[in-house]
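Below is one structure, written out as structure tokens; comments come after it.
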Amino acid sequence: MRSLPADAPLRVIPDVVDPRVEALVHELIGRVADKWTMLILETLEEKGELRFTQLSREIGTISQKMLTQTLRQMERDGLIKRKIHPVVPPKVEYRLTELGRSLGEAFCGVWIWAEENLAKVHEARETFETAAKA
């Protein structure tokens, strides 16, 4: 995933939020919090257009059913584009749309945060575990 510029300004959330925007944000956070969506976004960003079986192989631990469901939802949301080639057997390829690419970039900040705070989170977890054992 691409990183955000260090000097990128943070956007301020307005006092009045459009309920449709709020609903979409909640929906997208739930979807992107789903590890499969993030893995598909990352894989397609790194590898480009992939066939279903190639995508499955790249991700590794995803079931065919879960990959199918996740791809359908991502296509519905406009994050990926499915291209069907009229051959036998059918050849289907998936690629990120600009919308999908921009969502991946938006969540790149989470990766940056994780890199910067990995040691602090690890330390907090150790402290919590030690206190729980006492």
Side-chain angles (χ1 to χ4, degrees):
M1 296 242 154
R2 294 184 212 128
S3 62
L4 298 173
D7 60 346
L10 293 176
R11 292 189 58 190
V12 178
I13 298 173
D15 292 334
V16 178
V17 178
D18 183 335
R20 297 170 303 165
V21 172
E22 185 174 15
L24 180 59
V25 167
H26 287 209
E27 190 178 312
L28 288 174
I29 287 172
R31 184 148 320 109
V32 174
D34 160 32
K35 71 177 182 178
W36 302 125
T37 300
M38 282 305 296
L39 288 173
I40 291 168
L41 280 173
E42 184 176 8
T43 302
L44 291 175
E45 177 65 34
E46 289 176 6
K47 304 289 182 177
E49 191 170 79
L50 292 174
R51 293 181 68 175
F52 184 92
T53 52
Q54 292 170 313
L55 192 51
S56 179
R57 235 179 282 123
E58 288 292 329
I59 294 172
T61 57
I62 191 169
S63 70
Q64 184 173 345
K65 178 182 177 183
M66 184 55 66
L67 180 56
T68 299
Q69 288 175 350
T70 306
L71 288 170
R72 281 189 186 141
Q73 189 61 52
M74 291 175 74
E75 184 181 12
R76 177 182 175 266
D77 289 341
L79 303 177
I80 61 171
K81 185 76 175 162
R82 180 173 58 136
K83 183 177 179 181
I84 304 170
H85 299 275
V87 295
V88 177
K91 179 181 174 184
V92 180
E93 295 174 318
Y94 298 89
R95 65 176 170 77
L96 285 180
T97 62
E98 284 305 313
L99 190 60
R101 193 166 280 108
S102 68
L103 179 62
E105 289 171 359
F107 279 91
C108 185
V110 175
W111 289 89
I112 294 168
W113 181 91
E115 286 177 347
E116 292 173 353
N117 293 287
L118 179 64
K120 291 176 186 174
V121 171
H122 183 68
E123 182 182 328
R125 288 178 177 174
E126 284 182 356
T127 301
F128 179 85
E129 293 299 326
T130 301
K133 290 177 184 175

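Using a 4.5 Å heavy-atom threshold, the side chains of R95 and K83 count as separate. Proximity of T37 to M74: side-chain heavy atoms (C-beta onward) are separated by under 4.5 Å at one or more points. A 4.5 Å side-chain heavy-atom check between W36 and I62 finds at least one atom pair inside the cut-off. With contacts defined as side-chain heavy-atom distances shorter than 4.5 Å, the pair T61/L39 does not qualify. Between L96 and L41, the closest side-chain pair of non-hydrogen atoms falls below 4.5 Å. Side-chain atoms of Q64 and F52, non-hydrogen and from C-beta on, do get closer than 4.5 Å to each other.
Here the straight-line distance linking atom CG of L44 with atom CD of Q54 works out to 10.5 Å at 0.5 Å rounding. Taken from NZ in K35 to OG1 in T70, the straight-line distance is 11.0 Å, to the nearest 0.5 Å. With rounding to the nearest 0.5 angstrom, the CD1 atom of I59 is 12.0 Å from the CZ atom of R57. Rounding to the nearest 0.5 angstrom, the gap separating the CD atom in E93 from the CZ atom in R51 is 7.0 Å.
Residues R76 and Q73 approach most closely at NH1-NE2, 3.1 Å, considering heavy atoms. Summarising the geometry of K81 relative to T97, their closest heavy-atom pair is N-CG2, 3.8 Å, with the distance given to 0.1 Å.
A salt bridge is defined here as a Lys NZ or Arg NE, NH1 or NH2 lying under 4.0 Å from an Asp or Glu carboxylate O, and E75 with R82 meets this definition. Under a 4.0 Å N-O distance rule, the pair E45/R101 qualifies as a salt bridge.
Listed for the S102 side chain is a donor-acceptor partner under 3.5 Å among the backbone atoms of L99. Looking at Q69, its side chain never comes within 3.5 Å of a backbone N or O of M66 through a donor-acceptor pair.
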Full working for side-chain contact (heavy atoms from CB on, under 4.5 Å) between Y94 and I80 | CA-CA 7 Å; Y94 298 89; I80 61 171; 3.7 Å; yes
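Counting heavy atoms of neighbouring residues, nucleotides and ligands inside a 6.0 Å radius, atom NE2 of H85 exceeds 12 of them. At most 12 heavy atoms of other shown residues, nucleotides or ligands fall within 6.0 angstrom of atom CD in E123.
In this structure, L79 is a member of the same hydrophobic cluster as I84, with clusters built from ILVMFWY side-chain heavy atoms closer than 4.5 Å.
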